[in-house]
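Here's the structure we're looking at; comments come further down.
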Protein chains: 2
Amino acid sequence: MARVCNFNPGPAVLPLEVLQEAQAELLDFKGTGMSILESSHRGKEYMAVQQEAVDNLRKLLGIPDEYAVLFLQGGASGQFAMVPMNLLGEGQSADYTNSGAWASKAIKEAKLFGKVNVIADTAKDIPTRLPAPGSLKPTPGAVYLHVTSNETIAGTQWKSFPKISVPLVADMSSDFLSRSFDIKPFGLIYAGAQKNLGPAGVTLVIMRKELAERVSEKVPVIFRYKTHIEENSLYNTPPCFAIYIVTLVTRWILKMGGLDVMARRNVEKAAKVYSLIDASSFYRGTAVKEFRSDMNITFRLPSEPLEEAFIKEASAQKLKGLKGHRSVGGIRASIYNAFPPENVDTLVAFMKEFERKNG
Amino acid sequence: MARVCNFNPGPAVLPLEVLQEAQAELLDFKGTGMSILESSHRGKEYMAVQQEAVDNLRKLLGIPDEYAVLFLQGGASGQFAMVPMNLLGEGQSADYTNSGAWASKAIKEAKLFGKVNVIADTAKDIPTRLPAPGSLKPTPGAVYLHVTSNETIAGTQWKSFPKISVPLVADMSSDFLSRSFDIKPFGLIYAGAQKNLGPAGVTLVIMRKELAERVSEKVPVIFRYKTHIEENSLYNTPPCFAIYIVTLVTRWILKMGGLDVMARRNVEKAAKVYSLIDASSFYRGTAVKEFRSDMNITFRLPSEPLEEAFIKEASAQKLKGLKGHRSVGGIRASIYNAFPPENVDTLVAFMKEFERKNG
């Protein structure tokens, strides 16, 4: 069977050559006579794999030495708790922006650990939107400002980040590695891997090492960033196979030309769909133009029955995963880094034909 | 290259046919036109995989309905914290047995959450040993008793479990699914997958559902068992690929005949090495006979230089991963379920020949 057009929001499509390489060496990793799934996390073969993932990420993003690059588990949902556990000291407060479903979850967990100031809230706005970065008023004394760089459900994405004096903390799960950005304003960035970075099961954290020193002795050893920095993400057994795929994916991005090439490709892919939507009275984008995401394109049709028909017909033509999140409905086309440009053309052609027949 | 004899303590050897199946369908899972690595965790294909893993485990262990079977992340090290976070209420105490390196870590984390009574401590005993199950004196009022069923570093294994009135909580990371046991005395069992169950990256938890109700509202949502029971391990994106391998491994165990067959195979495999050690004055087992593990066979040679030579020569003959844990030295042969009996014969032959040349 040929590969389908995989619009899944995450876990999501991976580069075909990454899958092919993983398949080819699944029984015998680099002549070791064992699978990477069976290799010791303290053996030199696996350690080289993990180190390459770190090196590739440092190269792609220009991450300076004062930042640690960690591979943890538990996804962004785990980080919603770990961030305040580590960074929000007793009696301190942190600023959060509430931009949608994911930011709301981060806020909920943070409230268990300290005072949370929600300094901007666009979570319920329709059409979906984000706070204007320049409009944010940080709370005096707040120790960090949390943002969600891309809301997968709402289809919104920060195009630039707030310029403030405290460290930014960002959930970049759904657009990490889709573009380059200046890392210096960020104290901590986290991302579940299963969109642009690899399969589900590994969580990337990039953080200023000095911030890890804040942690209280009351926090379990396993939930301290400090532990994982000191042990180079090998305090406990890491999710080796997922990290191995991250290595292959980051190698693929480097080979493609790096993040600026990726970003151009992503903008071009998204523009093809958005320009069809903008020119159509049949399709209606759900996000305000200036905030719409290059990763998750969300739109509606004139009626829910038409949306159902759209999803069903698309699926029959091997366009899979187009159903919007169950909390909002509608259509969502997730087109991360590894989503092939030619499959965007297939979607655009399908959308035109569907409108012709049903418009 | 032929497969080596993989004595890794974890991540460890997997059944060859599991790896072959995973390889064969890595690019196209069951005709879906995408890899299982790219499949949505909420799609019917993946959900069926996860459900089969649960069903297989219920079948293998005879797990009744009042227990939940969960797939989490973070390994046993994560559970060292999650167990007391969820089960140890304010002002309560719990009993722990300190049987070695892993139990010690569990105790250290638990102390952050409440009073911990270490009611037996054999962690520093040489030769390595475990508390006699019948000798344990539970503390009045303690809400659970924690045991580590198999200490991978010390090479010790509980052959039977304490009979007490409070729920047992067990770290079974390194011998789970190696034998059958009566689950009813257990309130909660956890196991990192990377020994008998699958690759690194997924943590199995089996628990009485009623125990999950104890959790305080101060515990982050992501760290509550209750959350994961309610959401069927899909509150956040699970480590899908690792769970998929667990499905294949549990299917393989069922095909092999279940846990009693596994246990007999494991005892026979271990007995081959132990009887050589018992008959030899060259090799010396590090664990007291009645507590020695069928999973991790630990032994010493007359000198450290001889141990180094043993490991080096073994490696040259494709016997890999025999080095003891860095904290204790010596030799460790980990021979989990998937370790082929014929490779044990290879080890025994190697040991005899090495003794003949160097004894």
Side-chain angles (χ1 to χ4, degrees), chain A residues 1-4 6 8-14 16 19-20 22-23 26-28 31-35 37-43 73-78 80-81 85 105 108-109 112 192 194 198-202 218-223 235-242 245 318 320-321, chain B residues 1-4 6 8-14 16 19-20 22-23 26-28 31-35 37-41 43 46 73-78 80-81 85 105 108-109 112 192 194 199-202 218-223 235-242 245 318 320-321 326:
Chain A
M1 158 137 187
R3 275 168 74 74
V4 296
N6 181 351
N8 279 341
V13 62
L14 289 165
L16 179 58
L19 293 171
Q20 284 167 333
Q23 182 179 44
L26 196 70
L27 285 193
D28 181 10
T32 56
M34 63 178 76
S35 173
L37 290 161
E38 305 171 302
S39 299
S40 169
H41 59 298
R42 301 200 188 273
Q73 295 179 64
S77 300
F80 296 163
M85 277 168 110
K105 286 193 171 190
K108 194 176 168 196
E109 294 287 50
L112 294 170
Q194 64 270 18
V202 59
K218 290 180 197 162
V219 172
V221 177
I222 187 72
F223 298 137
Y235 170 71
N236 60 333
T237 314
C240 304
F241 186 79
I245 299 290
K318 304 196 174 166
K320 303 286 183 183
Chain B
M1 158 136 186
R3 273 168 75 73
V4 296
N6 180 351
N8 279 341
V13 62
L14 289 165
L16 179 58
L19 292 173
Q20 284 167 335
Q23 183 180 44
L26 196 70
L27 285 193
D28 181 9
T32 55
M34 62 177 79
S35 174
L37 291 161
E38 305 170 301
S39 299
S40 170
H41 58 299
Y46 171 74
Q73 296 180 62
S77 300
F80 296 163
M85 276 169 110
K105 285 192 173 192
K108 194 177 167 196
E109 294 287 48
L112 294 171
Q194 64 270 18
V202 59
K218 290 180 196 161
V219 172
V221 176
I222 185 73
F223 297 138
Y235 170 72
N236 60 334
T237 314
C240 304
F241 186 78
I245 300 288
K318 302 194 176 168
K320 303 286 184 182
R326 61 197 185 286

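Chain A is the first sequence line, chain B the second, and so forth, proteins listed ahead of strands; every chain is numbered from 1.
- In terms of heavy-atom proximity, B:Val221 sits nearest to A:Leu112 at N-CD1, 4.5 Å.
- Contact count against chain A (heavy-atom pairs under 4.5 Å) is highest for B:Asn6 among B:Asn6, B:Val202, B:Val219.
- Counting heavy-atom pairs closer than 4.5 Å to chain A, the top-ranked of the candidates B:Gln20, B:Lys218, B:Glu109 is B:Glu109.
- If you measure heavy-atom distances from B:Gln23 to chain A, the contacts under 4.5 Å come from both the backbone and the side chain.
- Across A:Ala76, A:Ser40, A:Gly198, the residue that shares the most heavy-atom pairs under 4.5 angstrom with chain B is A:Ser40.
- Ionic pairing of A:Arg3 and B:Glu38 is present here: one or more N-O contacts between side-chain nitrogen and carboxylate oxygen are shorter than 4.0 angstrom.
- Interface residue B:Ser39: only backbone heavy atoms are found under 4.5 Å from chain A.
- Both the backbone and the side chain of B:Tyr235 come within contact range of chain A, each with at least one heavy atom under 4.5 Å from a heavy atom of that chain.
- Chosen from A:Ala200, A:Ser77, A:Gly192, the residue pairing most often with chain B at heavy-atom distances under 4.5 Å is A:Ser77.
- Interface summary for chain B: among A:Pro11, A:Gly43, A:Pro239, the most heavy-atom pairs under 4.5 angstrom belong to A:Pro11.
- Taking the side-chain contact (heavy atoms from CB on, under 4.5 Å) definition, one finds that B:Pro238 meets it with B:His41, B:Tyr46, B:Gln50, B:Leu234, B:Cys240, B:Ile243, sequence neighbours left out.
- Contacts with chain A were tallied for B:Gly75, B:Ala81, B:Ala12; B:Ala12 has the most, counting heavy-atom pairs under 4.5 Å.
- A donor-acceptor pair is defined here as one N or O able to donate and one able to accept, closer than 3.5 Å; such a pair exists between the side chain of A:Asn236 and the backbone of B:Gly74.
- Here B:Pro199 pairs with A:Leu37, B:Ala242, B:Ile245 under the side-chain contact (heavy atoms from CB on, under 4.5 Å) rule; sequence neighbours left out.
- Residue contact with chain A, scored on non-hydrogen atoms closer than 4.5 Å, involves the backbone and the side chain of B:Ala22 alike.
- In terms of modelled atom types and a separation under 3.5 Å, the side chain of B:Gln194 and the main chain of A:Thr237 share no donor-acceptor contact.
- At least one side-chain heavy atom of B:Met34 sits less than 4.5 Å from a side-chain heavy atom of A:Asn8.
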